[in-house]
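Worksheet: one structure, shown below.
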Amino acid sequence: MQVAEILYRKGKGISVFAVNPECSVREAAAMITARNIGAALVTDSDGFLVGILSERDIVRSLTQHGGSSLELQVGDLMTRSVVTCAPEASVNEALSLMATHRFRHLPVMRDSEILGLVSVRDVLEFRLEGLEQHFSALRDAQEYLQDAVDNIAEPFVLFDRNEQLILCNEGYVRLYPGSEDVLVPGTTFEQILRDGLERRRYVDAIGREEEWLRNRLKAHRNPTAPHETHLSDGRWILVSDQRMRCGGVAGLRVDITRLKQAESSLRQLMDNLDRAQRLAHMGSAVRNFETDITEWSRETYRIFGVTRETFDPTTDNFLTMVIPEDRPQIRAMRRTIDAGRTPEPIEYRIRRPDGEIRHIYRVTEIVRNAEGRAVGMISTLQDLTEMRAAQRRQSELEKQLQHSQKLEALGALAGGIAHELNNALMPVLVLSKMIQAQLPSDDPHREDLSIVVAASERAKGLVKHILAFSRKQDAPKTQVDLVEVVRQSLQMLRATLPATVRIRQKISPVPALLGNANELEQVVVNLVNNAAHAIGEGMGTITVGVGRVDSLVNNASEEVGLWVKDTGCGMDAKTLDRIFEPFFTTKGVGEGTGLGLSVLHGIIVGHGGRMEVHSEVGKGTTFSIYLPVSTTINAPAEIAELA
Amino acid sequence: MKILVIDDDDLVRYTLRKILCNAGHVVSCAPDGRRGISVLRTEHPEVVITDIFMPEQEGFETIRQIRQDYPGTKMIAISGGFRGGNMDVWRIASALGADDVIAKPFEADDLLRRIDRLQVTVGSGAVATPASP
């Protein structure tokens, strides 16, 4: 602020009042009073400033010398040593000059030209006016600030460098109901926190108030990243404090309760989706065409046997997991997708890092933006491994069921035929023998009748075999040691088998089972004889094994296994399908009836067991028999019904 | 001895009648269980030889009924085997009350021996008389 500005304010036409030294004091005083200017400049006849006559000079003279002072000349009373200042001088410089020289007035001059006169009063008035304007501006600024803060939608608070509340908005007060009296200027941040602790406002603080308070104060004093606070009324608040240049702290609070609820709902939805995918063995994959980033769901990672941390699901990485034979169809699918078309669902196999093969069924859809441009794709990946395995098992079981139904039907048919044949054989056998007994010993018909009887006996034996196959003749069952049965059978067989056939035994002790030793011996003898027949005239080995088996069919029961394995010619699939049928034989005419294996099958089924065969042409055949270990003889249900 | 033969096969009935008559027994025949029971009521045989699988009324039911109504009558079950199913025919017949069982075809001597054996165990006065109600 320059002195010139005061001159300008005092009057546009700077009123400089000057008198000459010869002018009477009375006249000068009247003029000063009339003009209310406090002082007059004294200039000589050439207009040069020679002194100043101030009201104070006049008053002092009147006090000392009385009314005669008015008759003196201005030159007698004026102050001669005059200090001046330039208009460019600052108001403070002017004030300083006047204070130094104990003047109340200061002429303002440029070169020798008198521009005006400023007094101490002028300067003080001027400064007072400036201060009033300043304070007014300050009041306005404060109002603006409060208004602005009140208009912030979110709770807002300002603390000074001493951590005392300067101001806060309505939102901030509403955030902490019941604390209106505390949230006033001058309250410290710690007092506000303690008030909240008393009201058990902060969920995290309950039970550890002092520790919580220390941490919270620390965070307030060194604010870094925003943090979340859970209030006991259920609300969630995002607390964001910012250190200001002046040392205070500006705090913004955002009510994020709904955001947290949405977040929680979203998390719940994601959890549900994960769970549903896990239950359905169905994962998902999403690819963004622009970024070429693919994201897998948790279930997809599980299906592939990899983790999000160790596996990046890029197309290349994914392809390495697909087994080589199935990769072409993946590439074809990729081409369809790249062309912006939705591909057909595909099924392929992957090999997990642990080596396990999984079957995947994949359905893909192209994702398009509002303009219809393909921007990504989403796929579902269903793990069909268990389903495919179950289908294979079912198919196998159906095949087995068909086979056993076929054998059952054949058995029923054979049983019916046997029944009729036995009836028909009754009179043939009995009456032939009767007639034979009645004929004289030299009767030529006796010989013929012997042939009839012999033929009938053969037929009777055949029927017995048929009945064995159809399980119609139940042999008595006792506790049998299978190991003993096998050893005795092999002992008996050894004499009859060719020397080129070697017999190996792999026998371990087994629990006793309920069965008929003769029938089981028949099984061993027949299987070993068949094996020897399969080996033929060359060298070969027959391995006979007995041991315990962990039953897969029924976990609760224990089974005993019997194996007869040969290195013979083996059988093709067509033969294998029919070997248990009665009258089916691979032997030449006259070499076998074809009833052997069907009878053995009947014996094993009669023992509650099962018989399996594995054979490869040129490599050999293995017959596996599984018999249940049982200690009780159950009476047939039919007796109970009929009795 | 009075013997009743129940069998649906007329050739079997003929053969058994021949065996038994030659051995000096008095033989009646019936082609099924129902008619066999009605013969039993009038003839009161000491021994009944019955087939198991027959039309009208089969052997198991016949054995059960005779054992219930005529407890003193001896019974021999005969069978050529099953026409189907998976039953232990002999154990069932025995459980229902048959004194002996024989599989067809059998020798004449075998049957006669078994009848003799029955006679020993039957003792005197064993005739087909209904059980007291």
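Remember, it's a predicted structure, so these values are computed and weren't measured experimentally. Computation of the quantities below employed the complete heavy-atom set of this structure, encompassing side-chain atoms and omitting hydrogens, waters and symmetry-equivalent molecules. Letters A, B, ... are given to chains in the order of the sequence lines, protein chains preceding strands, and every chain is numbered from 1.
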Compare every heavy atom of B:Gly80 with every heavy atom of A:Asn422, then report the nearest pair and how far apart it is.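 Nearest heavy atoms, A:Asn422 then B:Gly80: ND2-O, 2.7 Å.
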Does B:Lys2 have more than 12 heavy atoms from other residues, nucleotides or ligands lying within 6.0 Å of its NZ?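 Buried by this count: over 12 neighbours within 6.0 Å.
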Is it the case that more than 12 heavy atoms not belonging to A:Glu612 sit under 6.0 Å from its CD atom?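 More than 12 heavy atoms, drawn from other residues, nucleotides or ligands, come within 6.0 Å of this atom.
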Note, [X] side chain near [Y] side chain (heavy atom, < 4.5 Å):
{"X": "A:Met426", "Y": "B:Leu16", "value": "yes"}
{"X": "B:Lys104", "Y": "A:Asn423", "value": "yes"}
{"X": "B:Glu107", "Y": "A:Val430", "value": "no"}

Below 4.5 Å from any heavy atom of chain B, which atoms of A:Leu425 appear? Answer side chain, backbone, both or neither.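 Interface part for A:Leu425: both.
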First locate atom CG of A:Leu431, then atom OH of B:Tyr14, and finally report the distance between them rounded to the nearest 0.5 Å.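 The distance works out to 6.0 Å.
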Would you please name every residue forming a side-chain contact (heavy atoms from CB on, under 4.5 Å) with A:Val483, sequence neighbours left out?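 Per chain and number, A:Val483 pairs via side-chain contact (heavy atoms from CB on, under 4.5 Å) with A:Asp481, A:Arg487, A:Ile507, A:Val510, A:Val546.
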Please classify the contact of B:Asp109 with chain A as side chain, backbone, both or neither, using a heavy-atom distance under 4.5 Å.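 For B:Asp109, neither part sits under 4.5 Å from chain A.
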